[in-house]
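Here the structure comes first, spelled out in structure tokens, and everything after it is commentary.
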Amino acid sequence: MPAKGKHRRPKQNPITRKLALAGTGGAALTLPLISATTAGAAGTSTPAATVTTVTAATVVNAVTAVNAPPATYSVVVGDTLSEIAADHSVSGGWKQLYEANRAVVGDNPSVIRPGIKLTIGAAPAKATTATNTAVKTAAKPASSYPNNLDGWIRESLDVMAKHGIPGSYNGIHRNVMRESSGNPKAINLWDINARNGIPSKGLLQVIDPTFKAYHVPGTSLDSYDPVANITAACNYAAARYGSIDNVNGAY
């Protein structure tokens with residue numbers, strides 16, 4: 001990178017309703033789903049899901065849950081799906097309880113009749129799907145990249161995607177080959193930057209001020225590090241030229 005392209009001010013990157021309970025004689029008793037005494041009301045926000053690391057124990061517990069027979073509840077006069085879900089700590093509240101029992105409740109979750117039996121908890125089929133997902137997640141290895149130019153570019157592209165930095169494999173590879181021939185330890189000791197004490201370094205020949213200004217969190221602070229060098233250079237190119245893909249010469 002020539003000095004004139006690296007000493008400008010760094011640009012910032014663009015990164016209650018009611019439920020009716022029908023009586024057995026056909027008359028329906030209307031009960032509030034949301035009230036001062038009703039827990040698990042439909043309007044209550046569902047807490048954000050907790051992110052949990054999948055372990056062997058998690059998978060075993062999930063399998064056990066699938067194999068265990070589901071609990072049932074017999075509806076009595078005065079019940080609402082909201083109250084039943086709250087009393088039995090149904091994950092997902094009355095909506096999940098309804099989805100698991102749509103076949104017996106019918107199309108209207110506002111109407112539940114005394115005597116019908118509700119399955120409490122997730123349907124076995126859904127639990128099985130969750131278990132299979134957990135097993136696959138536990139078995140899936142972490143992403144790895146070969147320690148060569150191909151691996152460095154691909155890892156950098158993944159980092160760039162997380163930070164909204166544009167660029168393509170071909171665009172990066174083309175510029176790397178022009179600037180350093182793929183040598184991560186390349187350094188320019190003869191141009192104006194070198195005479196100013198800030199030689200261009202690494203795969204995409206970045207001077208230290210530019211590297212520091214456009215360094216991307218999560219990458220090394222060493223400007224010679226291949227992934228850090230590529231990512232910082234692409235971040236700079238995106239701010240100045242729109243993308244590393246638009247760079248076809250000294251930048």
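Small disclaimer: the values here were computed from a predicted structure and weren't measured. The figures here come from the full heavy-atom set of this structure, side chains too, leaving out hydrogens, waters and symmetry mates.
- The backbone N or O of Asp107 lies less than 3.5 Å from a partner atom in the side chain of Tyr98, making a donor-acceptor pair.
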Original post:
Where do Asn175 and Tyr251 land on the side-chain hydrogen bond (donor to acceptor under 3.5 Å, both in side chains) test, with the steps shown first?
Top reply: CA-CA 10 Å; Asn175 282 282; Tyr251 64 117; over 6 Å; no
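- The main-chain N or O of Thr119 is found under 3.5 Å from a side-chain atom of Asn101 such that the two form a donor-acceptor pair.
- Taking every heavy atom of both residues into account, Lys117 and Ser74 meet most closely at NZ-CB, 3.8 Å.
- Between Ile230 and Leu204 the shortest heavy-atom distance is CA-CD1, 3.9 Å.
- Tested against Ile207 for a side chain to side chain contact (heavy atoms under 4.5 Å, CB included), the candidates Asn196, Asn188, Asn193 yield a single pass: Asn193.
- Inspection of the Asn248 and Arg174 side chains reveals an N or O donor paired with an N or O acceptor under 3.5 Å.
- Taking both residues in full, the closest heavy atoms of Cys234 and Ile165 are given as O-CG2, 3.8 Å, listed atom of the first, atom of the second, then distance.
- Using a distance-only test at 3.5 Å, with no hydrogens or angles considered, no donor-acceptor pair links the side chain of Ser156 to the main chain of Trp152.
- Here the shortest heavy-atom pairing between Val206 and Ala233 reads CG2-CB, 3.7 Å.
- Judged by distance alone, the side chain of Glu179 and the main-chain N or O of Gly202 form no donor-acceptor pair under 3.5 Å.
- Between the side chains of Ser168 and Asn170, no donor N or O sits under 3.5 Å from an acceptor N or O.
- A pairwise comparison of heavy atoms in Leu203 and Asn229 identifies N-OD1, 3.5 Å as the closest pair.
- Judged purely by distance below 3.5 Å, without hydrogens or angles, the side chains of Asp79 and Tyr73 pair a donor atom with an acceptor atom.
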